**Student:** 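One structure coming up, written as structure tokens, with questions to follow.
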Protein chains: 2
Amino acid sequence: MSRWQPDARGRLERAALELFARQGFAETTVPEITAEAGLTTRTFFRHFADKREVLFAAEAGLPPFIAQLMAEAPAELGPYDTLTHSLETVAATRFDGLLDYLIARRAVIRSDAGLRERELRKQEVLAEAIEQGFLDRGVDEVTSALVGRMAAVVFNVSLDRWLDLGGSRTLLDLMQEHLALTRVTFAATPPAHSS
Amino acid sequence: MSRWQPDARGRLERAALELFARQGFAETTVPEITAEAGLTTRTFFRHFADKREVLFAAEAGLPPFIAQLMAEAPAELGPYDTLTHSLETVAATRFDGLLDYLIARRAVIRSDAGLRERELRKQEVLAEAIEQGFLDRGVDEVTSALVGRMAAVVFNVSLDRWLDLGGSRTLLDLMQEHLALTRVTFAATPPAHSS
DNA sequence: TAGGTGATGACATCGGATGTCATGAGGTGT
DNA sequence: ACACCTCATGACATCCGATGTCATCACCTA
């Protein structure tokens with residue numbers, strides 16, 4: 001038999017989310033989490049850089065996944081079509097069965113300003129991955145920066161609304177709607193300053 | 001004569017930026033900052049909620065200012081024109097003489113992940129102010145959320161590039177360029193999914 | 001069976017953050 | 001002129017998040 005129980009990391013993640021949801025993030029100490037998981041405080045910080053990170057480590061794979069999709073997209077696609085292609089693949093393949101977990105997690109994150117900051121940083125990492133994807137496709141720097149961040153906005157607003165609607169519409173459907181809505185808002189009026 | 005030296009807050013802000021720039025954010029303790037400013041640790045935390053906040057308190061007035069501009073914009077303007085009108089006023093009136101300060105501050109923020117997170121939260125507050133401005137003008141919720149965040153993206157990318165270029169182009173000019181570029185990228189290609 | 005590897009435990013310490021009470025200058029009212 | 005209030009700050013105590021260091025011991029490999 002093993003010296004320790006298996007999946008220390010997963011046990012810490014589950015114990016943390018449960019305690020945060022029950023008694024609040026600030027009101028939960030790391031020793032409480034580790035006691036619940038049968039580990040020590042020091043071990044918690046070996047798995048997660050800080051107390052917040054335990055809520056975000058699970059989704060670390062998303063930025064590289066999007067980067068891979070963008071790299072594999074047909075070379076002839078422009079920035080907008082590369083974006084729709086990649087975002088729609090993500091929406092259609094990576095969020096099955098996570099609705100309840102994500103709703104519980106969002107409630108905890110919304111209850112604490114520090115967690116909200118960490119979430120924004122994770123969203124920025126996603127935006128940077130998309131930006132790098134554009135750069136690798138030869139898109140100029142300014143367009144890459146702008147469209148990378150815009151893509152992250154569409155993704156995050158869609159995910160948020162998907163949770164709001166409790167899954168009654170698909171994430172893919174919402175993302176397509178929001179991409180189209182963005183296009184209409186920015187394109188409907190003639191430019192005020194033409195050169 | 002006053003019991004204490006005047007402008008405790010300003011003295012703390014200046015001492016903090018100077019120490020952070022000279023020896024790093026993590027390597028600077030709050031007692032060091034307060035010693036430099038001739039105050040105590042407890043007083044620091046009376047003025048700023050935490051050590052990071054001392055770098056951001058100065059720009060707290062921006063979101064309400066944008067909200068005011070949006071409220072005062074002609075009622076017949078659509079979302080896009082309201083946005084350009086307000087952003088361009090901000091760009092043209094609120095950043096004179098701040099270039100060197102903002103460059104020094106950005107260097108400190110970039111050196112520390114925690115400061116980057118705090119900056120992102122401040123940018124989100126700006127996005128939320130813009131979103132609320134749209135809601136108050138009767139724009140629907142989804143469009144308000146999307147365009148509010150898009151506006152913050154354009155603003156932040158422009159500000160960042162203004163600092164990169166050392167002020168050789170005006171912030172106003174850059175913002176107009178980036179608005180136009182966004183419009184072209186999203187509008188140039190026909191929608192992949194038309195209804 | 002001997003030694004290496006790697007995850008964990010145990011202990012110590014630093015500093016960020018907060019609660020509480022004391023202090024004393026400036027303002028206010030009578 | 002006197003008493004009182006207000007409020008920014010000082011002084012002190014404490015909690016806990018975060019990190020460095022060394023010991024421990026199952027598992028793997030040769």
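Residue numbers start from 1 in every chain, and the chains themselves are labelled A, B, ... in the order their sequence lines are given, proteins ahead of strands. The structure displayed is predicted, hence computed values, not measured ones.
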**Student:** Between C1' on D/dG17 and CG on A/Asp112, what's the gap in Å once rounded to a whole number?
**Tutor:** 13 Å
**Student:** Write down the distance between CZ (B/Arg9) and C1' (D/dC7), rounded to a whole number of angstrom.
**Tutor:** 16 Å
**Student:** Check DNA chain C against residues 46-54 of chain B and give the residues with a non-hydrogen atom under 4.0 Å, in numerical order.
**Tutor:** B/Arg46, B/Ala49, B/Asp50, B/Lys51
**Student:** Using the rule that two of Ile, Leu, Val, Met, Phe, Trp, Tyr join whenever any of their side-chain heavy atoms come within less than 4.5 Å, decide whether B/Ile130 and B/Leu159 are in one cluster.
**Tutor:** yes
**Student:** Is the number of heavy atoms from other residues, nucleotides or ligands within 6.0 Å of CD (A/Gln23) greater than 12?
**Tutor:** yes
**Student:** Less than 4.5 Å apart, side chain to side chain, heavy atoms only: is that true for B/Phe95 and B/Leu102?
**Tutor:** yes
**Student:** Is A/Leu163 reachable from A/Leu62 through a run of hydrophobic residues whose side-chain heavy atoms are each under 4.5 Å from the next?
**Tutor:** yes
**Student:** As a test of reading the structure: which of D/dG17, D/dC25, C/dA17 is closest to the side chain of A/Phe45, going by heavy atoms?
**Tutor:** D/dG17
**Student:** Are B/Val125 and B/Leu146 connected in a single hydrophobic cluster, I mean Ile/Leu/Val/Met/Phe/Trp/Tyr linked by side-chain heavy atoms less than 4.5 Å apart?
**Tutor:** no
**Student:** When you measure from the centre of the six-membered ring of A/Tyr80, is the NZ or CZ of A/Arg183 closer than 6.0 Å and no more than 45° off the axis?
**Tutor:** yes
**Student:** Quick one: B/Leu12 CG to C/dG16 P, roughly how many Å, whole number?
**Tutor:** 14 Å
**Student:** For DNA chain D, determine which residues of residues 21-43 of chain B have any heavy atom closer than 4.0 angstrom to one of its atoms, and list them numerically.
**Tutor:** B/Gly38, B/Leu39, B/Thr40, B/Arg42, B/Thr43
**Student:** Can you measure B/Asp7 atom CG to D/dA8 atom C1' for me and round it to whole angstrom units?
**Tutor:** 14 Å
**Student:** Going by an N to O cut-off under 4.0 Å, is there a salt bridge joining B/Glu119 and B/Arg116?
**Tutor:** yes
**Student:** Is a side-chain donor or acceptor of B/Arg137 paired with a backbone partner of B/Ala73 at a separation under 3.5 angstrom?
**Tutor:** yes
**Student:** Between atom CG in A/Leu19 and atom P in D/dG17, what is the gap in whole Å?
**Tutor:** 12 Å
